[in-house]
There are 2 protein chains.
Amino acid sequence: MDRVATIRDVAARAGVSIATVSRVLNGSGNATPETMEKVRAAASDLSFRPSTIGRNLKAARTRTVGVLVPSLTNPVFAESVAGIQEAADEAGYSVLIASTDYDPARESRAIEGLLSNRVEGLVLTVADADRSGSLDTLDEVRLPYVLAYNQPERAPRAHVSVDNVAASRAVVERMVALGHRRIGMIAGRFRQSDRSRRRHAGWLAALDDAGLPPGPVVEVDFNELRLSHLLAPHLEGAERPTAFFASNDMLALATIRALRDLGLSVPDDVSVCGFDGIEVGRLMTPSLATLVQPARAMGATAFECLRTGFSDDLQGRAVMLPFTLRPGESLGPAPSKSS
Amino acid sequence: MDRVATIRDVAARAGVSIATVSRVLNGSGNATPETMEKVRAAASDLSFRPSTIGRNLKAARTRTVGVLVPSLTNPVFAESVAGIQEAADEAGYSVLIASTDYDPARESRAIEGLLSNRVEGLVLTVADADRSGSLDTLDEVRLPYVLAYNQPERAPRAHVSVDNVAASRAVVERMVALGHRRIGMIAGRFRQSDRSRRRHAGWLAALDDAGLPPGPVVEVDFNELRLSHLLAPHLEGAERPTAFFASNDMLALATIRALRDLGLSVPDDVSVCGFDGIEVGRLMTPSLATLVQPARAMGATAFECLRTGFSDDLQGRAVMLPFTLRPGESLGPAPSKSS
DNA sequence: AAGCCGGATGGAAACGTTTCCATTCTTCAC
DNA sequence: GTGAAGAATGGAAACGTTTCCATCCGGCTT
């Protein structure tokens with residue numbers, strides 16, 4: 001692999017100084033038409049591409065933002081990353097993406113990497129926004145960041161999300177309206193997810209409002225896709241739940257699968273509603289009822305907050321995005337025998 | 001935001017030269033235990049993080065690879081990117097991810113960006129590996145790259161994929177074994193996808209071998225999720241296909257959805273088999289039968305090829321990964337009335 | 001005791017840009 | 001015709017590293 005052309009090569013070929021080359025190619029400062037022509041020709045002949053590295057070093061700014069998500073394979077994060085990329089692309093920013101796969105060691109390594117790359121800010125989704133070493137690190141070095149999806153309870157940290165409590169209430173209220181009286185919840189580990197906690201709180205509050213006792217709560221690990229053995233104990237007897245609220249869509253899908261494996265029909269025996277609004281949910285049978293968060297907009301908005309907030313103070317700012325309840329075949333009326 | 005500490009700050013605080021700081025922190029060269037201690041302390045006090053930019057500029061190598069995929073929201077690409085990241089992380093490489101959303105303009109911009117960032121090589125998936133301006137550009141500048149998923153027909157370009165023709169044959173053979181005689185295909189636009197073409201070729205070859213006439217072929221755009229109106233014309237009359245082979249899983253899901261919307265049962269009336277092996281396929285009802293490509297391994301392998309091949313010549317090297325047919329409820333025996 | 005070796009350290013150059021400042025040259029007003 | 005203004009251009013510094021080379025010093029061999 002041969003050496004890549006530098007600005008000096010272009011200057012030599014065009015018979016001008018590197019200063020002139022830089023000015024012409026960046027459109028800053030003036031230059032004779034002939035000079036411009038010569039420089040452009042030389043640059044194109046050598047297929048010169050200015051080195052971002054050299055440029056950044058000099059400029060002391062990188063026009064790059066970092067993104068950290070738990071996993072790219074969860075469609076909801078993939079979608080939000082796509083939103084960030086789109087917005088960043090438009091604003092002339094580059095994006096550095098890192099994923100942690102729920103591994104704390106990888107998380108700190110990723111943050112270190114992004115820091116070393118001198119990103120100007122970060123958009124990230126962490127497990128628990130109230131107790132996160134990574135966020136502490138960022139606070140320490142005073143690097144602006146905006147959380148996406150996270151909704152910190154105590155720490156005043158900038159974030160973009162939906163109102164998880166209100167959203168969960170909406171789900172439960174819908175279930176109640178459909179005649180469900182025993183409503184369970186399948187949730188990601190509370191210790192590992194502020195979102196899961198909030199959604200649980202909303203579920204609890206809505207049940208309370210409706211004068212209903214809380215149904216069983218099943219906490220599961222992320223990446224856990226085999227749920228039958230966890231659900232089975234809660235499905236025996238006449239008092240079994242007629243509906244489950246899952247704290248995210250992947251869990252909802254796994255739940256439907258498990259129910260079906262246990263010989264129950266969705267939604268005839270048991271209804272299920274998820275949270276996230278991933279696109280594949282529309283394609284399955286039964287189609288997935290879910291609380292839709294605007295994932296793409298979430299990413300894009302977080303990026304915009306970061307960008308426009310670079311100068312201002314980001315501390316504790318919060319943006320709430322609207323949510324909608326997408327009906328789906330997985331959520332139907334409660335079985336009549338149970339009403 | 002205050003200025004970030006540089007190696008000079010550390011040197012000053014430790015009372016040594018920047019050369020010594022560099023040596024201590026990188027473990028190259030010798031140093032007195034006390035010196036090492038002083039330097040480490042100073043670095044940690046200032047929470048010094050060496051600038052990748054400065055480092056790369058000097059080193060003239062970035063230990064960074066670029067990744068280009070059509071879309072991060074297609075699980076099969078997300079998964080392969082995850083595989084790349086994992087392998088890269090392990091090898092001490094950084095990853096720069098770009099996605100094109102099937103937009104040629106964004107594709108060239110992305111490539112330019114990666115080139116400017118002086119990536120040492122690329123792993124990419126393009127629409128058509130035989131006619132791709134981006135690949136031509138890469139050849140021109142002699143930057144090593146490895147294609148993932150693509151299987152070029154003419155151009156001798158390094159790639160990692162499965163044998164798409166053989167894989168498609170396996171699918172069709174299975175369908176034939178299940179009694180299907182009229183087998184249609186739902187395929188991504190041939191002009192836009194070498195994979196789609198190959199898979200179509202395999203489908204055709206297998207039908208020919210079985211002495212069956214090819215069923216209808218429906219070419220659809222990427223991102224097209226509403227297929228009912230495209231499928232409807234081919235589902236009338238007694239001669240309608242009893243099985244469809246979809247050239248990728250997202251299409252397969254959309255196909256199942258459409259069939260169902262048209263009042264047909266899957267798999268009782270019509271069977272469907274996809275291609276890719278995305279995880280959600282296991283979770284749906286009916287579970288998706290699909291030809292599984294090892295997506296994670298695809299990414300990881302492509303990265304390894306790139307890394308180990310940096311010195312050698314990558315030209316036209318090909319690695320074929322094994323595929324498996326994952327049975328699923330969407331693919332059943334042909335309806336008896338048609339046998 | 002003289003010379004050497006080698007370990008510890010510092011000075012300085014280099015990487016590829018951008019940009020400040022200085023220089024040259026043209027043009028125009030007086 | 002002289003001076004000034006301003007446009008075009010070049011020289012050189014700076015950004016944060018790594019690394020080559022030189023220097024210094026203590027201790028060993030002979």
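Letters go in sequence order (proteins before strands), and every chain restarts at 1. Any value given below was found using the heavy atoms of this structure, including those in side chains, with hydrogens, waters and symmetry copies removed.
Among dG11(C), dT19(C), dT19(D), the nucleotide with an atom closest to any side-chain atom of K58(B) is dT19(D). For S51(A), the side-chain atoms get nearest to dT17(C) when compared with the rest of dT17(C), dT18(C), dG10(C). Closest to the S22(B) side chain, of the nucleotides dT18(C), dT19(D), dG16(D), is dT19(D). For T20(A), whose side chain is taken as the heavy atoms from C-beta onward, the closest listed nucleotide among dT9(C), dG11(D), dT9(D) is dT9(D).
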What nitrogen or oxygen pairs link the protein and nucleotides 5-8 of chain C at under 3.5 Å?
from: dA8(C); atom 1: OP2; to: N30(B); atom 2: ND2; distance (Å): 3.2
from: dA8(C); atom 1: O3'; to: T32(B); atom 2: OG1; distance (Å): 3.0

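With rounding to whole Å, R23(A) atom CZ is found 11 Å from dT18(C) atom P. Atom pair R61(B):CZ and dT17(D):P shows a separation of 19 Å (rounding to whole Å applied).
No hydrogens or angles were tested; on distance alone, nothing pairs the side chain of R49(B) with the base of dG16(D) as donor and acceptor under 3.5 Å. The base of dG16(D) is not paired with the side chain of R118(A) by any donor and acceptor separated by under 3.5 Å.
By the 30° and 60° cut-offs, the orientation of the rings of F77(B) relative to Y149(B) is perpendicular. In this structure, F303(B) and Y93(B) have perpendicular ring planes: the angle between them is above 60°, well past the 30° mark.
For S51(A) (side chain) and G54(A) (main-chain N/O), a donor-acceptor pair under 3.5 Å exists by modelled atom type.
Nearer the 5' end of DNA chain D, as judged by each residue's closest nucleotide, is the contact made by L57(A), out of S28(B) and L57(A).
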